[in-house]
There are 2 protein chains.
Amino acid sequence: MANIKDVARQAGVSISTVSRVINDSKSVSPSLRVMVEKAIDDLNYSTNSIARGLKSSQTNNIAVILTSVSRTFFSGVLEGINKEADQEKYSIFISETHDSIEREIKLVRSCASQWVDGIILASSAYGNDMKTRKYIESLSKLEKKGSWIPVVTLEYPCSNPGVDAVVVDHKKSAFRAVDYLIREVGKKSIVHISLPFEHYMGQQRIAGYREALEQNGLLFTEDNVLEGDYTSYCGYTLTRDLVRRGHPFDAVFCANDQMAVGVLQALSELEIQVPEQVAVMGNDDIFAASIVKPSLTSIHVPRFEMGAAAMKHMLELIREGEPPVKRKIITLDTEIVERESTKRGIKNSLKYLDW
Amino acid sequence: MANIKDVARQAGVSISTVSRVINDSKSVSPSLRVMVEKAIDDLNYSTNSIARGLKSSQTNNIAVILTSVSRTFFSGVLEGINKEADQEKYSIFISETHDSIEREIKLVRSCASQWVDGIILASSAYGNDMKTRKYIESLSKLEKKGSWIPVVTLEYPCSNPGVDAVVVDHKKSAFRAVDYLIREVGKKSIVHISLPFEHYMGQQRIAGYREALEQNGLLFTEDNVLEGDYTSYCGYTLTRDLVRRGHPFDAVFCANDQMAVGVLQALSELEIQVPEQVAVMGNDDIFAASIVKPSLTSIHVPRFEMGAAAMKHMLELIREGEPPVKRKIITLDTEIVERESTKRGIKNSLKYLDW
DNA sequence: TTGAAAGCGCTACCAC
DNA sequence: GTGGTAGCGCTTTCAA
């Protein structure tokens, strides 16, 4: 690949002139401009963004660090991010942590050292050890050449108050879900399959679950809260286990849809009627919710909007160039999407989106 | 973020020495090494990979260019790619073309100009116009600082014979699927919902479909081949349309699972028995195939292995440093996964993978 | 074993 | 309008 020097030689002009043409400066005569453009075309030259970045400290790259792109939830988020990025000249750089905090730390460091212009992060830094805390601390102080690299977290606010976030109110969502199960569906013994207990989001949902029970005069018992691990397999086994133990319940609220699908599968095998005997509710409203039979009532999380909002906010932060005076947390609304797993005979509109 | 100069000053040594420590050269005295390491730690220094790349022309970044990460098919591929990359020191850089050839061309150029060490590409360059051909031509000649940037394509071999690929035999897969529908399921009027006709993979599958019919003494008619667009919506509408027109058919073979899910939905609404009246078969075996009811018979494509093989091969190409004498096309095997949409009463083992 | 200095490809500043 | 040149942060000779 030719470099700027080659182009200059080929066109018979100085490097400066070539640079001016590339960067669209007006102070270059039409004749020279034409010659340079021809040389660029002849040599199939394209400017080396590494070297450019080294000088200008602007790479036009934005890193998106997620736990896993195959987690359906994040696919939608990515669509939103991409949509906003496309309109500007930014490229997106996706990497995956697979829920490993070590990998997350390594990736953030690596992105910073590559001088990305910003980082959109779905963190799994739940721990409270020294190393994790130091890492979280560092998130608001990432720099390249002395200038600030903004970080925006997804899903929940990171514990560093210097980092902005785009979130949904997990507690409120869970509250409304359980309140709905009690008041609209008429259930009384609601089991909650949660996320790993250490996860902030899981804790929030448990809090919402509890509040809904108590406000409706029902008893909160720890027996009814099961620790899940995101997978549909755990929903499946936990449910079979509940039934085997003869634990009484007439509804299950799961912290994500994958687990709820596992619950449905187990109930179907055990020939337990949904929703008459047991109603099931998920969270996130991924497309699988509308595909399973019975279709799954879930809480719709605006994933696309979440990604778009994160990117939009990121662009603002980059434009401003320095940490905002006051932290900004953008909260998006969720809503319940009612389907057959809580209400018999409801018409299930299969979503015809790309997946 | 501190730079190497700062570290050198802090440690009271030369830049060269710091560089030696960073790059693990042995020719540095233990005492100095300790001082430098302390300085690095104190300043929280991490080496700027941009500048490093500028000099060494090795960035340790590998670009993965896909149509869309939310297309379930590619999620699995990414897992495989990541698994292999993790073992080495490479970072993965994912971007999406959304089936736009312009975007694809732009991305490849941009990656090359960022001096990635290699590009794994799921191309949508089906066109035959001048620009596309020139682009495909260029794929085997990507360079940074005069050294070759290897490209490996996924899913199908690109028409440039200088580009290696990891693929499955689409024609053979389709052949086996249709042969199975005829001989095992006993169907005779098989409709094929294809990909957009211009797509190489779609053409291959149609060829396999045709061959299976003919080898089994059935007539191939163009009426039975419908052009699809990947979405479940098109499977849905095409099926309703067939039925409305009174087109006779007793099986549908779809070029992907999404379309097959749409077919199932339409048949269910029309109260047509699956598989007795109409058997349905998909392609790819994404997890949705095991979730729908009736569950969907499909062709399992080893996505994970595909990604892993592509990455493995990429690392070899990078190690060798120059184009191989002979093009290598790695072909992986597919297999039929039998479920309820072609065989009543078969036990459906829901896959408990992460999705 | 150590340090000085050239140079990777580019931009930006300063002269002319 | 144009060209010369310093320098971004790093690696890599070459000398000492």
Side-chain angles (χ1 to χ4, degrees), chain A residues 1-36 39-40 43-61 109-110 112-117 143-147, chain B residues 1-36 39-40 43-61 109-110 112-117 143-147:
Chain A
M1 226 145 207
N3 64 25
I4 198 172
K5 227 161 150 182
D6 300 328
V7 175
R9 194 178 313 123
Q10 170 98 1
V13 299
S14 72
I15 291 181
S16 319
T17 304
V18 177
S19 176
R20 284 186 191 107
V21 172
I22 292 166
N23 296 293
D24 224 25
S25 150
K26 43 253 65 257
S27 35
V28 52
S29 66
S31 57
L32 279 198
R33 161 162 270 129
V34 170
M35 290 172 67
V36 170
I40 288 178
L43 296 172
N44 192 27
Y45 165 80
S46 94
T47 115
N48 179 332
S49 41
I50 302 219
R52 193 210 291 264
L54 184 58
K55 185 71 191 177
S56 70
S57 84
Q58 255 246 343
T59 55
N60 286 358
N61 284 153
R109 262 192 104 81
S110 147
S113 87
Q114 302 213 19
W115 286 0
V116 295
D117 290 348
E143 285 186 358
K144 50 172 178 181
K145 245 177 149 180
S147 82
Chain B
M1 223 143 211
N3 62 25
I4 199 172
K5 226 160 151 182
D6 299 328
V7 176
R9 195 179 311 122
Q10 170 98 1
V13 298
S14 73
I15 291 181
S16 323
T17 304
V18 176
S19 174
R20 284 185 192 108
V21 172
I22 292 167
N23 296 292
D24 223 25
S25 149
K26 34 286 24 272
S27 36
V28 51
S29 65
S31 57
L32 278 198
R33 159 161 272 129
V34 170
M35 291 172 66
V36 171
I40 287 178
L43 295 172
N44 192 26
Y45 166 80
S46 92
T47 114
N48 179 331
S49 40
I50 302 221
R52 193 208 291 263
L54 185 57
K55 185 72 190 171
S56 71
S57 83
Q58 255 247 340
T59 55
N60 287 355
N61 285 154
R109 262 191 103 82
S110 147
S113 87
Q114 303 214 18
W115 287 0
V116 295
D117 290 349
E143 284 185 0
K144 50 173 177 181
K145 245 178 151 180
S147 82

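Keep in mind that this is a model prediction, so the values were computed, not measured. Residue numbers begin at 1 in each chain, while the letters A, B, ... track the order of the sequences.
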Exercise for the section: Quickly work out the Leu54(A) CG to dA6(D) P distance and round it to whole Å. Expected result: 17 Å
Handout entry: Nearest-angstrom distance from the residue atom NZ of Lys145(A) to P of dC10(D)
Key = 12 Å
Under 3.5 Å, N/O pairs linking protein and nucleotides 11-14 of chain D:
{"from": "dT11(D)", "atom 1": "OP1", "to": "Asn23(B)", "atom 2": "OD1", "distance (Å)": "3.4"}
{"from": "dT11(D)", "atom 1": "OP1", "to": "Asn23(B)", "atom 2": "ND2", "distance (Å)": "3.4"}
{"from": "dT11(D)", "atom 1": "OP1", "to": "Arg52(B)", "atom 2": "NH1", "distance (Å)": "2.7"}
{"from": "dT11(D)", "atom 1": "OP2", "to": "Ser19(B)", "atom 2": "OG", "distance (Å)": "3.2"}
{"from": "dT11(D)", "atom 1": "OP2", "to": "Asn23(B)", "atom 2": "ND2", "distance (Å)": "3.4"}

Practice task
Quick one: closest heavy-atom pair of Leu54(B) and Leu54(A), and the distance?
Solution key: CD2-CD2, 3.1 Å
Practice task
Measure across Ser27(B) and Arg20(B) and return the closest heavy-atom pair with its distance rounded to 0.1 Å.
Solution key: O-CD, 3.8 Å
Problem - End-to-end axis angle, where each axis spans five pairs of the helix from dT1(C)-dA16(D) to dC16(C)-dG1(D), to 10° - result: 50°
Handout entry: side-chain hydrogen bond (donor to acceptor under 3.5 Å, both in side chains) between Ser14(B) and Thr17(B), worked out
Key = CA-CA 5 Å; Ser14(B) 73; Thr17(B) 304; 3.0 Å; yes
Practice task
Could you tell me from which nucleotide to which nucleotide of DNA chain C, 5' to 3', there is an atom under 4.0 Å from chain A heavy atoms?
Solution key: dG9(C) to dC13(C)
Practice task
Determine the sole option in Thr59(A), Ile4(A), Ile22(A) for which the side chain to side chain contact (heavy atoms under 4.5 Å, CB included) test with Arg52(A) is passed.
Solution key: Ile22(A)
Handout entry: Short side-chain N/O contact from Ser49(B) to OP1 or OP2 of dC10(D), under 4.0 Å
Key = no
With no hydrogens and no angle check, is any side-chain donor or acceptor of [X] less than 3.5 Å from a backbone partner on [Y]?
X: Lys144(B); Y: Ser57(B); value: yes
X: Asp117(B); Y: Gln58(B); value: no
X: Lys145(B); Y: Trp115(B); value: no
X: Asn23(A); Y: Ser25(A); value: no

Practice task
Using a 4.5 Å cut-off on heavy atoms from C-beta on, say whether the side chain of Arg109(B) contacts that of Asn44(A).
Solution key: yes
Exercise for the section: Please round to the nearest 0.5 Å and tell me the distance separating atom CG of Asn61(B) and atom OG of Ser110(A). Expected result: 7.0 Å
